[in-house]
Amino acid sequence: MSVQIFLDRSSIEIFINENETITSTFYVQKSFSLLQLNSQTEHLLEDLALGNIE
């Protein structure tokens, strides 16, 4: 399973296996430093990369 998450000041986009997409708009009231991922089934996270989109 491949998951890409793009987060900016007012939206989040999640791409799963390069063909399923979830997009949501939100407005952050204050800065945050935690991203929590939950799943109904158990998955192993093999690789994680964080970066900025220019």
Side-chain angles (χ1 to χ4, degrees):
M1 177 182 292
S2 169
V3 178
Q4 292 181 303
I5 301 171
F6 297 93
L7 177 67
D8 66 18
R9 295 185 190 273
S10 63
S11 67
I12 184 169
E13 290 182 288
I14 303 171
F15 296 88
I16 302 170
N17 294 333
E18 299 181 10
N19 63 5
E20 297 180 52
T21 306
I22 301 168
T23 303
S24 181
T25 303
F26 64 93
Y27 298 96
V28 177
Q29 300 296 320
K30 59 183 177 178
S31 296
F32 60 91
S33 60
L34 175 68
L35 176 63
Q36 183 173 333
L37 304 175
N38 296 312
S39 174
Q40 292 178 349
T41 59
E42 187 173 315
H43 295 279
L44 175 63
L45 182 61
E46 293 182 357
D47 186 26
L48 174 66
L50 303 174
N52 295 322
I53 300 174
E54 301 293 324

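Atom set for the values below is all heavy atoms of this structure, side chains included, hydrogens, waters and symmetry mates excluded.
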If you look only at distance, which donor and acceptor atoms sit under 3.5 Å apart when one is on a side chain in residues 15-23 and the other is two or more places apart or in another chain?
{"from": "Asn17", "atom 1": "OD1", "to": "Ser2", "atom 2": "N", "distance (Å)": "2.8"}

Identify each donor-acceptor pair in which a side-chain atom of residues 34-51 lies under 3.5 Å from a protein atom, sequence neighbours left out, and give them as a table.
{"from": "Gln36", "atom 1": "NE2", "to": "Asn38", "atom 2": "OD1", "distance (Å)": "3.3"}
{"from": "Ser39", "atom 1": "OG", "to": "Thr41", "atom 2": "N", "distance (Å)": "3.2"}
{"from": "Ser39", "atom 1": "OG", "to": "Thr41", "atom 2": "O", "distance (Å)": "2.7"}
{"from": "Ser39", "atom 1": "OG", "to": "His43", "atom 2": "NE2", "distance (Å)": "3.4"}
{"from": "Thr41", "atom 1": "OG1", "to": "His43", "atom 2": "NE2", "distance (Å)": "3.0"}

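Partners of Asp8 under the side-chain contact (heavy atoms from CB on, under 4.5 Å) rule, at least two apart in sequence or in another chain, are Ser10, Ser11.
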